[in-house]
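As structure tokens, the structure follows; a few thoughts come after it.
Along the sequence shown, the residues carry numbers beginning at 1.
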Amino acid sequence: MINKKDKPSDFDGLVLNGIDFLEKAITQLNIEPKYSVINFYTAVEILLKAPLVKEHWYLVVVGKPDRQAYEAGNFMSVSFDEACDRLASSLKKPLAASARKAFDAVREHRNRMVHFYHTGIDGKQREAIKLEQAQAWFELNRFVTDVWRDEFKPYLREFRRMESGLIANNHYAKAKYESLKNKIEGMKKGGATFELCPSCGTDACITTEPADRLRTFNCLVCFYTDTVLEIDCPQCGSKQQLKPYEGFICSECEHAVPEDGIFDLVDECVVRGTKDDFDSNTPANCDECQGYHTVCEFGDGYLCSNCFSYFDTLSSCGWCNDPRTTHDEDSYVTGCEFCEGYAGHHAND
């Protein structure tokens, strides 16, 4: 995100304006659906024009381009249809047919809202607006974060934040799931396993098993992520689930293990505590969560007892020789998270 204290470029100014209208539309969706439609379509039209302005400002001007008039706001901007045509003809990236259809539906609805008086919107109409806007929002989000990702890169976090807020709107989750159905079916045929997501309720949560008893969850719709490790309670032997960054409390016997004791709970090194312990390459440091000596032996690989990231191999820091999860050929010079390396050690020489 650019510093709002700085004078934004033409492109940045448009995007920031579009985001303002989007955020307003989201807050009005349930309480003022009429104004939500108007503000949402305004945002759509603004963001469609942003890539044109990024290429050259005159691509959004109707008639003879005049920079002075443009900066003064004294010009006629291209219409929705003209913007779509110029994305295709000038930038060679035509708007997807599904996006154009979704945006056009909101545009027509917006025109009815603006030009005809409405005495009120009943529950059925409100639900229709939510669904229509959900479909258009998904297409807009894909336009920004996929098709024009490089151009909108400074703003991707903002769009992810707004999308996460919209996931609570079941209409949006359903609209996004429908658009991903073919992809999900293809992934299933390729061997991927999906479960119902506990966050958004769609069948879009990919489950993987990096190691025996270790499962990860990643939802394609709402970006829900989780990792669960199944263990046997050391006190009563019952099957229990353990999550990252947490201590352990057995649901059966209430046996407790604090967070700093999880390493010993899950470690499968057979020589730990024996005279051969010196030959083990664990505990190791985790470069995913910067955990110090949190990585233990587990299954055929190595598990961080802090963040539950799983690794097939380990390496060592070239300077301090501590085992770690990342192989870095420059570590002798630069060191690792827990040492200064050759360069740091001799910095004041």
Side-chain angles (χ1 to χ4, degrees), residues 184 187-188 190-317 322-327 336-338:
I184 291 172
M187 293 176 70
K188 285 180 178 178
T193 302
F194 286 83
E195 294 184 4
L196 286 177
C197 175
S199 177
C200 67
T202 65
D203 183 27
C205 195
I206 307 173
T207 63
T208 59
E209 195 167 327
D212 184 38
R213 297 180 289 127
L214 179 67
R215 302 178 74 205
T216 65
F217 304 87
N218 292 277
C219 181
L220 298 182
V221 168
C222 69
F223 315 115
Y224 166 84
T225 61
D226 201 4
T227 305
V228 172
L229 177 65
E230 186 180 87
I231 65 169
D232 296 329
C233 173
Q235 185 74 24
C236 68
S238 63
K239 299 290 184 186
Q240 298 290 315
Q241 287 191 340
L242 190 61
K243 291 194 174 186
Y245 305 107
E246 294 181 4
F248 168 74
I249 300 178
C250 178
S251 62
E252 296 293 329
C253 69
E254 298 186 352
H255 175 71
V257 176
E259 191 174 341
D260 60 5
I262 299 301
F263 181 97
D264 294 329
L265 181 64
V266 300
D267 181 30
E268 295 183 350
C269 178
V270 296
V271 299
R272 187 80 66 221
T274 72
K275 61 182 180 66
D276 297 319
D277 195 354
F278 183 77
D279 296 326
S280 173
N281 57 357
T282 59
N285 301 328
C286 179
D287 289 296
E288 291 294 317
C289 67
Q290 284 73 57
Y292 179 71
H293 285 186
T294 57
V295 178
C296 63
E297 292 186 25
F298 189 85
D300 295 326
Y302 304 91
L303 176 74
C304 176
S305 60
N306 190 36
C307 67
F308 286 5
S309 294
Y310 189 74
F311 310 92
D312 294 325
T313 60
L314 297 177
S315 65
S316 296
C317 172
D322 241 9
R324 59 187 300 207
T325 58
T326 297
H327 178 69
C336 64
E337 289 288 337
F338 303 98

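Going from atom SG of Cys197 over to atom CG of Asn218 covers 10.0 Å, rounded to the nearest 0.5 Å. The CG atom of Leu242 lies 5.5 Å from the CG atom of Leu229; values are rounded to the nearest 0.5 Å. Here the CD-CG distance, from Glu337 to Asp322, works out to 12.0 Å after rounding to the nearest 0.5 Å. Taking SG of Cys219 as the reference point, atom CG of Asp226 lies at 12.0 Å (rounded to 0.5 Å). In this structure, Cys336 SG and Asp287 CG are separated by 7.5 Å, a value rounded to the nearest 0.5 Å. Taking OH from Tyr310 and CG from Leu214, the interatomic distance works out to 8.0 Å, rounded to the nearest 0.5 Å.
Each of Cys307, Pro244, Ser309 was evaluated against Thr227; a single residue qualifies, Pro244, per the side-chain contact (heavy atoms from CB on, under 4.5 Å) test.
Looking only at side-chain heavy atoms (C-beta outward), Thr193 and Glu209 stay at 4.5 Å or farther from each other. Side-chain atoms of Thr216 and Pro210, non-hydrogen and from C-beta on, do get closer than 4.5 Å to each other.
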Can you give each donor-acceptor pair under 3.5 Å made by side-chain atoms of residues 245-264, sequence neighbours left out, with the distance rounded to 0.1 Å?
from: Ser251; atom 1: OG; to: Gln240; atom 2: OE1; distance (Å): 3.1
from: Ser251; atom 1: OG; to: Gln240; atom 2: NE2; distance (Å): 3.2

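Nearest approach of Phe311 to Cys286, heavy atoms of both residues: CZ-SG, 4.0 Å. Of all heavy-atom pairs spanning Ala204 and Phe194, the tightest one is C-CD2, 3.5 Å. Residues Asn306 and Cys289 approach most closely at ND2-SG, 3.2 Å, considering heavy atoms. Between Asp212 and Phe298, the closest heavy-atom pair is O-CE2, 3.5 Å. Taking all atoms of both residues into account, the shortest heavy-atom contact from Leu314 to Thr282 is CD1-CG2, 3.9 Å. Cys304 and Thr294 get closest at one heavy-atom pair: SG-OG1, 3.3 Å.
When atom types are taken as modelled, the side chain of Asn285 and the backbone of His293 share a donor-acceptor pair closer than 3.5 angstrom.
Around CD of Glu230, the count of heavy atoms belonging to other residues, nucleotides or ligands within 6.0 Å exceeds 12. Surrounding NZ of Lys188 are more than 12 heavy atoms belonging to other residues, nucleotides or ligands, all under 6.0 Å away.
For Glu195, the side-chain hydrogen bond (donor to acceptor under 3.5 Å, both in side chains) test picks out Arg215, with sequence neighbours left out.
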Next on the checklist: Determine whether Ser305 and Asp267 satisfy the following criterion, side-chain contact (heavy atoms from CB on, under 4.5 Å), listing intermediate values before the conclusion.
Outcome noted: CA-CA 8 Å; Ser305 60; Asp267 181 30; over 6 Å; no

Next on the checklist: Pair Val295, Arg324 - check side-chain contact (heavy atoms from CB on, under 4.5 Å), show working.
Outcome noted: CA-CA 8 Å; Val295 178; Arg324 59 187 300 207; over 6 Å; no

